[in-house]
Number of protein chains: 2
Amino acid sequence: MSERRPGEIPEATVARLAVYLRVLTGLVDASTVTVSSEELAAIAGVNSAKLRKDLSYLGSIGTRGVGYDVTLLREKIASSLGLTQRRTCVLVGIGNLGHALAGYSGFSSRGFTFVGYFDADPGRMGEPIADSQISDISELESVVESNGVSIGVIATPAEAAQTVCDRLVDAGVTSILNFAPSVLSVPDNVDVRKVDLAAELQILSFHEHRKSRGLGDGLVESVG
Amino acid sequence: MSERRPGEIPEATVARLAVYLRVLTGLVDASTVTVSSEELAAIAGVNSAKLRKDLSYLGSIGTRGVGYDVTLLREKIASSLGLTQRRTCVLVGIGNLGHALAGYSGFSSRGFTFVGYFDADPGRMGEPIADSQISDISELESVVESNGVSIGVIATPAEAAQTVCDRLVDAGVTSILNFAPSVLSVPDNVDVRKVDLAAELQILSFHEHRKSRGLGDGLVESVG
DNA sequence: AACGGCTTGTGAACGCATGCACAAAGTGAG
DNA sequence: CTCACTTTGTGCATGCGTTCACAAGCCGTT
Ligand SMILES: NC(=O)c1ccc[n+]([C@@H]2O[C@H](COP(=O)([O-])OP(=O)(O)OC[C@H]3O[C@@H](n4cnc5c(N)ncnc54)[C@H](O)[C@@H]3O)[C@@H](O)[C@H]2O)c1
Ligand SMILES: NC(=O)c1ccc[n+]([C@@H]2O[C@H](COP(=O)([O-])OP(=O)(O)OC[C@H]3O[C@@H](n4cnc5c(N)ncnc54)[C@H](O)[C@@H]3O)[C@@H](O)[C@H]2O)c1
């Protein structure tokens with residue numbers, strides 16, 4: 001009953017696998033051959049037992065008494081994350097943030113190929129961007145369909161996000177990364193991840209607040 | 001033992017409070033007076049029981065049979081997140097991403113004031129940016145100390161992140177938002193949140209992989 | 001003032017995630 | 001081959017987070 005089917009990796013683990021992958025790539029570059037769970041966990045900033053449990057979902061990869069083969073482990077994680085094939089993406093909303101994302105080389109080096117950059121502003125049409133150019137949003141569907149794009153990145157204002165999302169989904173996109181501060185509704189088969197930078201700062205603000213509260217006195221304010 | 005001290009809000013709840021706050025601000029703008037947990041939860045995209053439990057950590061705010069006073073609830077959440085005072089921040093690393101962040105108006109409108117933009121590139125010194133200008137990284141400490149800055153945002157390359165982080169912490173910053181793909185070590189009293197965009201795409205990639213696996217056959221690939 | 005209808009606040013059950021602690025399993029020396 | 005040493009993989013306990021379900025409480029009506 002508590003058995004987890006092979007291939008069923010917990011969500012929290014998946015998020016950390018991406019971190020391990022990055023660390024391992026660094027180790028490969030440094031020609032490191034093997035690494036113990038203790039070392040790897042230290043670099044990745046996690047508990048070593050947690051790391052071993054995470055890796056155990058991929059099967060038995062390590063060698064007791066030795067550790068993990070860096071190259072092999074890296075490949076195994078990449079394969080689990082579906083990174084053996086490059087994934088095609090489109091970016092919608094080429095403003096402030098969109099330009100930064102388009103100019104970032106880290107996506108390509110990690111296996112993501114952007115095949116389209118779309119904006120609604122007619123004045124931006126044709127503007128060169130990252131070895132390509134900005135296309136009109138009207139071409140979204142044809143590019144998505146002809147390239148079999150599976151991931152859409154939304155960097156439009158919040159008001160436009162749901163509309164853009166609907167168009168992406170209708171065209172066949174099944175994963176969305178949303179930078180707009182808005183909640184998207186999508187069918188069950190579509191995954192959405194959001195990046196809410198203002199919320200990140202507010203969470204930090206909360207902890208600042210909590211810390212400064214503790215300094216003055218040990219009293220808890222209570223009304224009523 | 002299972003009692004939670006008043007003021008002790010779970011981490012998962014804090015993250016959602018930021019979302020509720022944004023939704024409520026929208027409702028205030030639309031002159032909405034009261035809202036039920038069911039309505040608010042629908043807009044925020046969460047389960048209504050979860051929302052009520054989240055709000056219950058702030059005290060008893062709603063009115064049974066009626067719902068929540070939008071303005072009051074908004075203020076209560078803002079206060080819990082420590083947003084009654086504006087928070088001062090600095091941004092380090094004014095490249096691709098740094099420019100986008102500096103040009104974003106959403107931070108200021110949500111209570112965050114950036115009092116310094118720093119870069120190590122001498123060629124960028126004095127370049128105008130967001131009603132201010134780029135300062136040399138050597139001025140970091142004095143600006144942080146004289147403004148009582150509590151939040152530092154790092155948008156430098158990964159190699160520089162730990163060094164910048166150490167300087168921020170030494171200067172008195174106690175919260176850090178890190179965009180560089182690197183794990184930062186900090187003292188216990190400092191909070192770090194990281195935004196790893198490539199990891200976000202990799203998590204989506206995992207789910208794409210999982211989805212496409214289920215389509216072909218029910219077989220699990222296993223290498224003996 | 002009593003009642004019916006609605007919505008909050010929360011007890012309780014469940015499931016997921018974390019971390020300890022150790023048996024199992026491999027290595028290498030002698 | 002045996003033994004001492006190292007490190008993995010995991011059973012188990014604990015804690016956190018989510019969801020259900022409902023008693024408690026408030027409002028408007030009669
Ligand atoms: N810039 C940041 O650092 C930052 C930080 C946090 C959140 N965000 C969020 O990211 C999103 C983008 O921010 P930005 O600063 O780049 O805004 P921006 O206004 O600079 O850019 C938005 C772009 O989207 C385009 N657009 C508008 N409607 C569109 C549509 N229907 N289809 C296609 N394109 C459309 C606009 O023409 C514009 O180019 C916003 O939702 C913002 O809240 C940005
Ligand atoms: N641009 C993106 O969309 C994006 C996406 C994901 C992650 N990131 C990460 O965000 C970070 C910044 O990305 P970017 O695209 O803006 O890179 P960038 O190279 O355009 O900008 C980095 C800036 O940091 C400055 N810098 C370098 N060392 C410094 C130091 N010690 N002190 C102060 N400033 C220093 C550089 O002069 C440069 O201006 C990187 O770590 C990158 O991996 C960026």
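Keep in mind that what you see is a predicted model, and the values were worked out from it rather than measured. Lettering follows sequence order; numbering is per chain, from 1.
Remark: C1' of D/dG17 and CD of B/Glu11 are 12 Å apart, rounded to the nearest angstrom. Atom CD in A/Glu38 sits roughly 14 Å away from atom P in D/dG9 (whole-Å rounding). Rounded to whole Å, the distance from CG on B/Asp54 to P on D/dG17 is 10 Å. Atom CD1 in B/Ile61 sits about 8 Å away from atom P in C/dG9, given to the nearest Å. With rounding to whole Å, A/Leu73 atom CG is found 11 Å from D/dT8 atom P. Rounded to whole Å, the distance from OH on B/Tyr68 to P on C/dC6 is 18 Å. With rounding to whole Å, B/Leu51 atom CG is found 11 Å from C/dT8 atom C1'. Rounded to whole Å, atom C1' of D/dC26 lies 15 Å from atom CG of B/Asp69.
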Strictly under 4.0 angstrom, non-hydrogen atoms only: write out the protein contact profile of nucleotides 20-30 of chain C, one letter per nucleotide from the 5' end, B, S or -.
BB--BBSS---
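Between the side chain of A/Arg87 and the main chain of B/Leu204, no donor-acceptor pair closer than 3.5 Å is present. Of the possible donor and acceptor atoms, none in the side chain of B/Glu145 sits under 3.5 Å from a partner among the backbone N and O of B/Gly172. Under the 3.5 Å distance criterion, the side-chain polar atoms of B/Ser37 are left unmatched by any main-chain donor or acceptor of B/Ser48. A donor-acceptor pair under 3.5 Å is formed between the side chain of B/Ser80 and the backbone N or O of B/Lys76.
Across all their heavy atoms, A/Val195 and A/Leu197 have their closest contact at CG1-CD2, 3.5 Å.
Of the N and O atoms on the side chains of A/Ser108 and A/Arg86, at least one donor lies less than 3.5 Å from an acceptor on the other residue. For the residue pair B/Thr13 / B/Asp54, a side-chain donor-acceptor distance below 3.5 Å is found, with atom types taken as modelled.
Taking side-chain N and O atoms only, A/Ser60 has a distance below 4.0 Å to OP1 or OP2 of D/dG9. Close to C/dT7, at under 4.0 Å from its OP1 or OP2, lies no side-chain N or O of B/Ser37. The side chain of A/Tyr57 places no N or O atom within less than 4.0 Å of a non-bridging phosphate oxygen (OP1 or OP2) of D/dT10.
For A/Pro10, taking side-chain heavy atoms from C-beta onward, the closest of the listed nucleotides C/dA17, D/dG17, D/dT8 is C/dA17. Among the nucleotides C/dA17, D/dT18, C/dG9, the one closest to the side chain of B/Arg16 is D/dT18.
Nucleotides of DNA chain C nearest to A/Lys50 and B/Gly62 differ in position, and the one nearer the 5' end is that of B/Gly62.
A/Leu55 comes within 4.0 angstrom of no nucleic acid atom, judged by non-hydrogen atoms across all strands.
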